[in-house]
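As the structure is a prediction and not an experimental result, all values here were calculated from the model.
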Amino acid sequence: MFGAGAMERYTAAVQQKTGLHAQQDRFVGQFQGLPGSARIQMVGNHAGAFRGDGGLFGGLAGLLGGAGGMAQAMTGGAFFMQQDYVIELPGNRLPGGSLREQTSLFRDHTWQQRPAIGPRASSGVPWIDQRYEVSSPDPRFMAYVCASPELGPLLGRWPQVNLSWEAERVWLQLIDSPARITSHFGVDAQQNGDLVLQGMWLVAAAARATFAR
């Protein structure tokens, strides 16, 4: 996939599998009948910046050949990949809610997460309550969406869940090192459009979970 024409082949693969087309810095269009977008980009190491490990400029130096060079950037902590998958629900006024990875003293995910939406709530699904931090201003909403038979299996296969239902959109975001993303999804999925397909499918399932059943 690398080399001359790689970006063109990648863009064509994403469009063929998702129906989204490249527009500026993202893919946009209709996914499974829903308006959506996907964006994948490199971001500075937020956690490293908080610890004084160099942050964005340290990462840039690594990419340009500083200590460790590209290998450090791709395996350690110089840069992270940020993936955003969004389904728009114009005209809706959802109460809102979020599912996020549990954070503890030993595993701090806060720097990888968008803010929780509302106070803690219960999903009504034991394994979801055990694995994730569930939040919503209306606890009935999370019990409703988490009862979706489509959402659960997709949710369990996605790493570092950071999923939010807003008033008029559903947003799935993943921020992690390229090495960990590759370890979970594999190289091929990142090059042939399958990763974008999986992210869009999950966020679309989360959007469909809001519809009357």
Within the structure provided, determine whether Val170 and Leu163 are in side-chain contact (heavy-atom separation under 4.5 Å). yes

Do the non-hydrogen side-chain atoms of Ile128 and Val134 ever get within less than 4.5 Å of each other? yes

Steps toward side chain to side chain donor-acceptor pair (under 3.5 Å) verdict (Gln83, Tyr85): CA-CA 7 Å; Gln83 304 175 21; Tyr85 302 98; 2.8 Å; yes

Using a 6.0 Å cut-off, check whether atom CZ of Arg140 has over 12 heavy atoms from anything other than its own residue. no

Under 6.0 Å from the CH2 atom of Trp158, do we count more than 12 heavy atoms belonging to anything else shown? yes

Would you confirm whether [X], through its side chain, and [Y], through its main-chain N or O, come within 3.5 Å as a donor-acceptor pair?
X	Y	answer
Ser136	Gly96	yes
His184	Arg157	yes
Thr11	Glu8	no
Lys17	Leu195	no

Can you see which heavy atom on [X] is nearest to which on [Y], and at what distance?
X	Y	answer
Pro159	Phe185	CD-CZ, 3.6 Å
Ala116	Arg100	N-NH1, 3.3 Å
Ser148	Ala209	CB-CB, 3.6 Å
Ala121	Asp129	O-OD1, 4.4 Å
Pro178	Met81	CG-CG, 3.8 Å
Gln191	Tyr10	O-CD1, 3.4 Å

Under a side-chain separation threshold of 4.5 Å, the hydrophobic residues clustered together with Val86 are Trp171

Below 6.0 angstrom between ring centroids: does that apply to Trp165 and Tyr144? no

Connected via hydrophobic side-chain network under 4.5 Å: Ile117 and Leu155: no

Any chance you could measure [X], atom [atom1], to [Y], atom [atom2], to the nearest 0.5 Å?
X	Y	atom1	atom2	value
Ile87	Ser37	CD1	OG	8.0 Å
Gln173	Ile175	CD	CD1	4.0 Å
Met200	Leu34	CE	CG	8.5 Å

May I have the step-by-step check of side-chain contact (heavy atoms from CB on, under 4.5 Å) for Met42 and Gln82, ending in yes or no? CA-CA 6 Å; Met42 295 291 282; Gln82 176 176 322; over 6 Å; no

Would Glu150 and Arg208 count as a side-chain contact (heavy atoms from CB on, under 4.5 Å) if you check the C-alpha gap in whole Å, the side-chain angles of each, and the deciding distance to 0.1 Å? CA-CA 9 Å; Glu150 180 188 18; Arg208 282 190 288 269; 2.7 Å; yes

Tell me, please, which residues at least two apart from Asp84 pass salt bridge (Lys or Arg N to Asp or Glu O under 4.0 Å). none

Under 3.5 Å, sequence neighbours excluded: what are the donor-acceptor pairs made by side chains of residues 20-27?
unit_1	atom_1	unit_2	atom_2	d
His21	ND1	Val28	O	3.1
Asp25	OD2	Arg39	NE	2.9
Asp25	OD2	Arg39	NH2	2.9

Are Glu166 and Arg93 within salt-bridge range, i.e. N to O under 4.0 Å? no

Passes side-chain contact (heavy atoms from CB on, under 4.5 Å), Leu99 versus Cys146? Steps please. CA-CA 10 Å; Leu99 288 175; Cys146 289; 4.2 Å; yes

Just do the side-chain contact (heavy atoms from CB on, under 4.5 Å) check on Leu89 and Leu94 with the steps written out, would you? CA-CA 9 Å; Leu89 297 173; Leu94 302 177; 3.9 Å; yes

